Protein chains: 2
Amino acid sequence: MQEKEISQAVIRRMPRYYRYLGDLLDAGVERISSNDLSQRMNVTASQIRQDLNNFGGFGQQGYGYNVKYLHEEIGKILGLNQKHNIIVIGAGNLGQALANYVKFERLGFMIIGLFDVNPALDGVTVRGIRIRMLDELEAFCGEHHIDIAALTMPKEKADAIANRLVGLGIHAIWNFAHVDLELIDKDVVVENVHLSDSLMQLSYNIVKNQREKENSR
Amino acid sequence: MQEKEISQAVIRRMPRYYRYLGDLLDAGVERISSNDLSQRMNVTASQIRQDLNNFGGFGQQGYGYNVKYLHEEIGKILGLNQKHNIIVIGAGNLGQALANYVKFERLGFMIIGLFDVNPALDGVTVRGIRIRMLDELEAFCGEHHIDIAALTMPKEKADAIANRLVGLGIHAIWNFAHVDLELIDKDVVVENVHLSDSLMQLSYNIVKNQREKENSR
DNA sequence: GTCAATGTGTCAAAGATTTAACAACCAATC
DNA sequence: GATTGGTTGTTAAATCTTTGACACATTGAC
């Protein structure tokens with residue numbers, strides 16, 4: 001039934017296309033060729049055409065791509081044509097930062113709940129969103145349809161909470177805790193944001209750069 | 001002079017090895033085989049051996065890898081044997097979240113400065129780090145050796161600030177702003193953390209999952 | 001309406017990454 | 001100190017990804 005599995009390498013590039021097309025749209029550009037776009041984005045035109053063709057032919061020979069249409073289509077591919085409700089578990093700085101990020105709402109990601117265990121935070125609101133205690137989780141999930149749970153709490157508690165959420169029917173986890181979640185249900189979609197890993201990668205490249213400079217002297 | 005370029009695909013996996021080896025170390029495990037590790041990490045043993053061999057032979061036939069030694073060596077590869085000073089530009093929730101993240105310090109990443117343009121934040125301290133106004137940037141960078149600048153401010157200002165930092169001699173940028181930085185110096189190392197992109201990837205996989213479930217009914 | 005210019009979709013080649021296979025080596029036991 | 005079992009480093013094959021090339025459709029100028 002599946003058309004054909006599309007590699008995650010391709011998927012990783014789609015949000016970037018979406019962003020560039022959005023910028024072009026804002027700038028009033030009506031049409032664009034893969035060649036023109038490739039120069040702006042610093043990738044090959046071939047890659048752009050190949051990537052887009054995974055999802056069907058959005059362009060027209062001799063014309064290029066209609067910016068508005070392509071932007072919309074990529075939006076659909078990424079699921080941005082539907083709203084996604086998010087709850088954030090862990091209302092510390094990071095959790096609150098996510099709640100304050102207005103950009104997400106424009107993409108259809110609505111943060112509708114914040115949870116924590118710290119009684120000092122009970123009832124505090126962040127951009128109109130009330131922080132609730134974790135024991136209200138079950139009731140809240142019963143009342144609202146939740147698509148995504150963002151985990152921004154210490155890693156020690158991540159597995160337990162994640163599986164509690166899975167038990168409540170949540171199918172997607174945006175994981176900021178620095179562990180690989182071990183979930184009871186293998187069908188749950190997990191996207192990890194491991195800031196330490198990102199920092200270590202940066203560090204590797206710094207050291208590499210240093211070595212290269214030393215060697216070229 | 002360069003030994004051999006190591007692909008970023010390999011580098012991306014190194015922090016994860018580092019983390020697992022750290023956990024094993026804490027658990028008191030002395031030695032581990034690529035096979036055992038591969039099962040814990042859910043990758044192939046072949047990949048582990050191949051990855052590690054990019055940097056030299058850390059193991060011993062018939063024995064495996066010494067956990068402590070390998071952990072240290074990967075640390076060195078990732079540049080964790082030296083301290084890195086970080087300044088954060090943008091002392092909003094995200095900037096403060098980074099400043100509060102104690103984990104980074106244990107890896108040698110020291111956040112020593114926070115900068116913002118909001119006068120209401122002037123002089124406020126986060127975990128002992130004083131928030132400074134952006135016009136103090138030049139003086140601060142003159143007094144301290146800065147390795148990394150983390151950009152957690154709105155994307156509109158990112159390019160200007162980034163190039164100002166590059167002008168001050170900073171060679172690495174940890175970019176949380178949702179733009180591709182256009183830098184005057186191509187030798188600067190940039191590591192992007194695009195949370196929106198990550199969320200869109202998650203969204204794609206949610207929609208994909210939905211489709212698959214529908215099709216299998 | 002014709003024709004040159006443009007630019008996609010697609011196929012094939014090149015390149016990169018991952019996996020499998022195995023020889024060479026070490027550890028541990030007897 | 002020989003022998004068995006275990007495990008690496010490394011080579012080769014398989015797979016996946018990216019790039020290049022071009023047939024063919026469409027546009028726009030005249």
Side-chain angles (χ1 to χ4, degrees), chain A residues 2-17 20-21 24 29-74 77 201 204-205 208, chain B residues 2-17 20-21 24 29-74 77 201 204-205 208:
Chain A
Q2 260 284 93
E3 280 87 49
K4 187 181 59 184
E5 188 71 14
I6 290 157
S7 84
Q8 289 291 317
V10 174
I11 303 307
R12 262 198 303 278
R13 287 192 289 266
M14 299 308 287
R16 189 152 179 262
Y17 294 139
Y20 272 82
L21 288 163
L24 286 168
V29 178
E30 251 182 42
R31 56 185 258 195
I32 192 144
S33 67
S34 57
N35 205 258
D36 190 347
L37 188 58
S38 76
Q39 277 165 354
R40 292 167 190 260
M41 294 187 64
N42 219 21
V43 297
T44 63
S46 195
Q47 180 162 76
I48 293 177
R49 294 204 296 275
Q50 192 82 264
D51 281 352
L52 296 179
N53 255 87
N54 279 295
F55 303 98
F58 301 124
Q60 204 164 25
Q61 288 156 325
Y63 174 87
Y65 300 88
N66 180 285
V67 173
K68 185 158 183 290
Y69 173 67
L70 185 56
H71 184 255
E72 272 171 21
E73 289 303 312
I74 294 179
I77 291 165
Q201 242 173 280
Y204 170 84
N205 284 310
K208 187 184 102 177
Chain B
Q2 259 287 93
E3 280 88 49
K4 187 180 60 185
E5 188 71 14
I6 291 157
S7 86
Q8 289 292 316
V10 174
I11 302 307
R12 263 198 302 279
R13 288 191 290 266
M14 299 308 289
R16 189 152 178 262
Y17 294 139
Y20 273 81
L21 287 163
L24 286 169
V29 178
E30 251 182 44
R31 55 185 258 195
I32 192 144
S33 68
S34 58
N35 205 258
D36 189 348
L37 188 57
S38 76
Q39 276 164 356
R40 291 166 190 260
M41 295 186 63
N42 220 21
V43 297
T44 63
S46 197
Q47 179 162 79
I48 293 176
R49 294 204 297 275
Q50 192 82 264
D51 281 352
L52 295 179
N53 256 88
N54 280 295
F55 303 99
F58 301 124
Q60 204 164 26
Q61 288 155 326
Y63 174 87
Y65 299 89
N66 180 287
V67 173
K68 185 157 183 289
Y69 172 66
L70 185 56
H71 184 255
E72 272 172 19
E73 289 303 311
I74 294 179
I77 289 165
Q201 242 174 279
Y204 171 85
N205 284 310
K208 188 184 101 176

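Bear in mind that the values here come from a model prediction, so they are computed numbers and not experimental data. Keep in mind that the numbers below use all heavy atoms, side chains included, and drop hydrogens, waters and symmetry copies. Naming convention: chains lettered A, B, ... in sequence-line order (proteins, then strands); numbering from 1 in each chain.
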- Message: Between I77(B) and Y17(B), does the side-chain contact (heavy atoms from CB on, under 4.5 Å) criterion hold? Intermediate values first, please.
- Response: CA-CA 12 Å; I77(B) 289 165; Y17(B) 294 139; over 6 Å; no
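Atom OH of Y69(A) is separated from atom P of dT8(C) by 15 Å (rounded to the nearest Å). Between N35(A) atom CG and dA5(C) atom C1' there is a gap of 14 Å when expressed in whole angstrom units. The CG atom of L37(A) sits 13 Å away from the C1' atom of dG7(C) (whole-angstrom rounding). The distance between atom CG of N66(A) and atom C1' of dT27(D), rounded to the nearest whole Å, is 15 Å. In this structure, the OH atom of Y65(A) is 15 Å from the P atom of dT27(D), given to the nearest Å. Look at CD1 on I32(A): it is 18 Å from P on dT27(D), rounded to the nearest Å.
The two atoms that bring S34(B) and R49(B) nearest to each other are OG-NH1, 2.9 Å, heavy atoms only. Contact between L24(B) and L37(B) at its shortest, heavy atoms only, is CD1-CD1, 4.1 Å. For the pair L52(A) and F58(A), the tightest heavy-atom approach, listed with the atom from each and the gap, is O-CE1, 3.7 Å.
Distance CG/N54(A) to CD1/I6(A): 5.0 Å, rounded to 0.5 Å. The distance from atom CG of N42(A) to atom CD of Q39(A), rounded to the nearest 0.5 Å, is 9.5 Å.
The 5' end of DNA chain C is approached more closely, in terms of each residue's nearest nucleotide, by S34(A) than by the other of V10(B) and S34(A).
Residues passing the side chain to side chain contact (heavy atoms under 4.5 Å, CB included) test with N66(B), sequence neighbours excluded: Y63(B), K68(B), Y69(B). For R40(B), the salt bridge (charged side-chain N to carboxylate O under 4.0 Å, His left out) test picks out D36(B), with sequence neighbours left out. Remark: S33(A) pairs with no residue by the side chain to side chain donor-acceptor pair (under 3.5 Å) rule, at least two apart or across chains. Annotation: side chain to side chain donor-acceptor pair (under 3.5 Å) contacts of Q50(B) (sequence neighbours excluded): none. In this structure T44(A) satisfies the side chain to side chain contact (heavy atoms under 4.5 Å, CB included) test together with S46(A), Q47(A), sequence neighbours excluded.
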Short heteroatom pairs, N/O only, protein and nucleotides 1-4 of chain C, under 3.5 Å:
none

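Of the residues in residues 43-56 of chain B, those lying under 4.0 Å from DNA chain D by heavy-atom distance are R49(B), Q50(B), N53(B).
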- A correct 5'-to-3' footprint of nucleotides 25-30 of chain C, with B, S and - meaning base, sugar-phosphate only and no protein heavy atom under 4.0 Å, is BBSS--
Under 3.5 Å, which donor-acceptor pairs do the side chains of residues 7-16 of chain B form with other protein atoms, sequence neighbours left out?
residue: S7(B); atom: OG; partner: A9(B); partner atom: N; Å: 3.4
residue: S7(B); atom: OG; partner: V10(B); partner atom: N; Å: 3.3
residue: Q8(B); atom: NE2; partner: N205(A); partner atom: OD1; Å: 3.0
residue: R13(B); atom: NE; partner: D51(B); partner atom: OD2; Å: 2.7
residue: R13(B); atom: NH2; partner: D51(B); partner atom: OD1; Å: 2.9
residue: R13(B); atom: NH2; partner: D51(B); partner atom: OD2; Å: 3.4
residue: R16(B); atom: NE; partner: D180(A); partner atom: OD2; Å: 2.8
residue: R16(B); atom: NH1; partner: M41(B); partner atom: O; Å: 3.3
residue: R16(B); atom: NH2; partner: D180(A); partner atom: OD2; Å: 3.0
residue: R16(B); atom: NH2; partner: M41(B); partner atom: O; Å: 2.9

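The C1' atoms of five pairs define one axis at each end of the helix from dG1(C)-dC30(D) to dC30(C)-dG1(D), and these two axes lie 20° apart (to 10°).
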